[in-house]
Amino acid sequence: MREYLLTLCITAAVTYLLTGPVRKFAIVAGAMPEIRARDVHREPTPRLGGIAMFFGLCAGLLVASHLTNLNQVFEDSNEARALLSGAALIWLLGVLDDKFEIDALIKLGAQVIAAGVMILQGLTILWLPIPGVGTVAVTPWQGNLLTVALVVITINAVNFVDGLDGLAAGMVCIAATAFFLYSYRIWYGYGAEAAAPATLFSALLIGMCLGFLPHNLHPARIFMGDSGSMLIGLVLAASAVSVTGQLDVEALNVDLGGTREATHAMVPVFIPLIMPLTIIALPMADLILAIVRRTWRGQSPFAADRGHLHHRLLEIGHSHSRAVLIMYFWSALIAFGALAYSVNSASMWIVLGVVFLSAIGLVLLLLPRFTPRIPRWMEAFVPPRYRRARRSAARASRQAPAAAEAGPADAAEQPGTRTPVAAGVSGVNGATAVGPRARLADRRRASSSR
């Protein structure tokens, strides 16, 4: 565990320290696209944050290759090299897209090529553990197709949720943490050495996200761009492929009888088919809803709009930060709920806890819809939007003459008054919303994705 934590810390430190210089380089290189109709931020923000994340990944792999225990990952298999090759290709594509806006179909083709590069070096699905059946070997073509599908879907799912400051990095960090605990338990608890690469990949992914998050939290000083979102999506997919298709369930059969009985009995403990899907459940749901929504309107599935889950949270009335925290909450609930179930599926407390937390999440989700009646003596202790309309109207009427006498320039400086800022105006870094919520209803004006 100490070597994994050391690798994680090195990756996070390198990513964090390089993000500042990368931000300056992005500004000089002109990787600051104009504000688009679908964007939430209000001033041009540099991209190319994936450069720092990629070098953090390289530093983590370099350190891990010189550690005693983790060195076995590089000697026993070629998965680490396969990951680095695919990551380098997808990262280079993302850098070019952040600068020159590459066509969506070209990006899709390059994602398939990156998956193919990893497959050629051995990182592919070899067999699938089916509950009640046992370990089912797949043909090379079947394994390759499953690997390409998982890689492409995961990359685009993570790219789709990269719409708010800190959202994609935080959600992937939560998912990678749950996956790290899961794969480490398989590696350490059952002595399955084949789970070591997935554990290492998850630790590297956590470090990349943690190192970038301080620069990307609202208001963001830099965006990861496609160079970062596609990179962390590929690393997440590589972890899932490694533990799903490379680990033989028979290696875990201890005092459980044959393969069929062991697989059926160990489904709650070893759920390689379920865990990779739960860690990207929200991005996957957003991806499916976007494809259905766009094709229903007669648009291309790659046409951008403002109908993503995070956009809908803003439309409901949540602030930027609260929308991100709600998405964090649901990601953690799904990922760690599946992790807890894999540890002890017989405990009814786990199911009850997940149900209870889901109810809390629904209340938080619909919180802006509630307008409780606050007693007058409590109005001084609650936000202004919960206070009585008469008091707010009286205060506005008192401030209006003063603002009119002071003039437009001074009215913005009067306490308690707010001058509306149009979307796209420079100088307001990372505003919480895009003005009136009604503006979010027009989702057909978007032209390209973030």
Side-chain angles (χ1 to χ4, degrees), residues 1-20 22 49-77 79-84 86-88 91 123 154 158 166-189 192-217 224 227-229 231-243 275-276 279-280 328 331-332 335-336 339:
M1 175 63 79
R2 289 179 296 180
E3 293 187 352
Y4 284 116
L5 293 179
L6 176 61
T7 305
L8 188 156
C9 292
I10 293 296
T11 305
V14 172
T15 304
Y16 176 80
L17 294 176
L18 288 180
T19 303
V22 167
I51 295 179
M53 304 177 80
F54 177 74
F55 283 107
L57 173 66
C58 295
L61 287 173
L62 181 62
V63 171
S65 64
H66 290 82
L67 298 178
T68 304
N69 294 329
L70 297 185
N71 186 39
Q72 297 297 322
V73 175
F74 299 85
E75 294 180 354
D76 297 341
S77 69
E79 295 183 30
R81 299 176 183 86
L83 170 67
L84 184 59
W91 168 75
L123 187 57
T154 305
V158 174
L167 181 58
M171 289 181 63
V172 172
C173 183
I174 293 171
T177 302
F179 203 87
F180 172 79
L181 296 176
Y182 166 75
S183 56
Y184 180 80
R185 180 170 181 265
I186 298 300
W187 172 74
Y188 182 78
E193 294 295 334
T199 310
L200 174 61
F201 298 164
S202 301
L204 294 171
L205 186 55
I206 297 172
M208 294 163 61
C209 295
L210 287 180
F212 184 72
L213 263 177
H215 301 272
N216 190 233
L217 289 176
M224 67 172 65
S227 60
S229 62
L231 175 63
I232 61 178
L234 182 134
V235 177
L236 187 61
S239 303
V241 170
S242 177
V243 78
M275 194 67 186
I279 59 180
I280 59 171
Y328 285 177
S331 298
F336 286 98
L339 178 64

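Here the CE atom belonging to Met171 is positioned 10.0 Å from the CD1 atom belonging to Ile232, to the nearest 0.5 angstrom.
Take Asp76 and apply the side-chain hydrogen bond (donor to acceptor under 3.5 Å, both in side chains) test, not counting sequence neighbours, and it matches no residue. Partners of Ala198 under the side-chain contact (heavy atoms from CB on, under 4.5 Å) rule, at least two apart in sequence or in another chain, are Phe179, Ser183, Ser242, Val243. Leu181 is linked by a side-chain contact (heavy atoms from CB on, under 4.5 Å) to Phe336, Leu339, counting only residues two or more places apart in sequence or in another chain.
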Side-chain atoms of residues 4-16: list all donor-acceptor pairs with protein atoms under 3.5 Å, sequence neighbours left out, distances to 0.1 Å.
| residue | atom | partner | partner atom | Å |
| --- | --- | --- | --- | --- |
| Thr7 | OG1 | Glu3 | O | 2.9 |
| Thr11 | OG1 | Thr7 | O | 2.8 |
| Thr15 | OG1 | Thr11 | O | 2.8 |

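Between the side chain of Trp91 and the backbone N or O of Gly50, at least one donor-acceptor pair lies under 3.5 Å. One N or O on the side chain of Asn216 and one on the backbone of Gly166 form a donor-acceptor pair closer than 3.5 Å. Without hydrogens or angle criteria, Ser227 side chain to Met224 main chain gives a donor-acceptor distance under 3.5 Å. Looking only at distances, a side-chain donor or acceptor of Arg81 sits under 3.5 Å from a matching main-chain atom of Phe74.
Annotation: side chain of Ile51 is in contact with side chain of Phe55 (closest heavy-atom distance under 4.5 Å). In this structure, the side chains of Leu70 and Ser65 stay at 4.5 Å or more apart for every pair of heavy atoms. The closest side-chain heavy-atom distance from Leu61 to Leu84 is below 4.5 Å. Side-chain contact between Thr19 and Met53: absent, with no pair of heavy atoms (C-beta onward) separated by less than 4.5 Å.
Taking all atoms of both residues into account, the shortest heavy-atom contact from Phe212 to Gly49 is CE1-CA, 3.7 Å.
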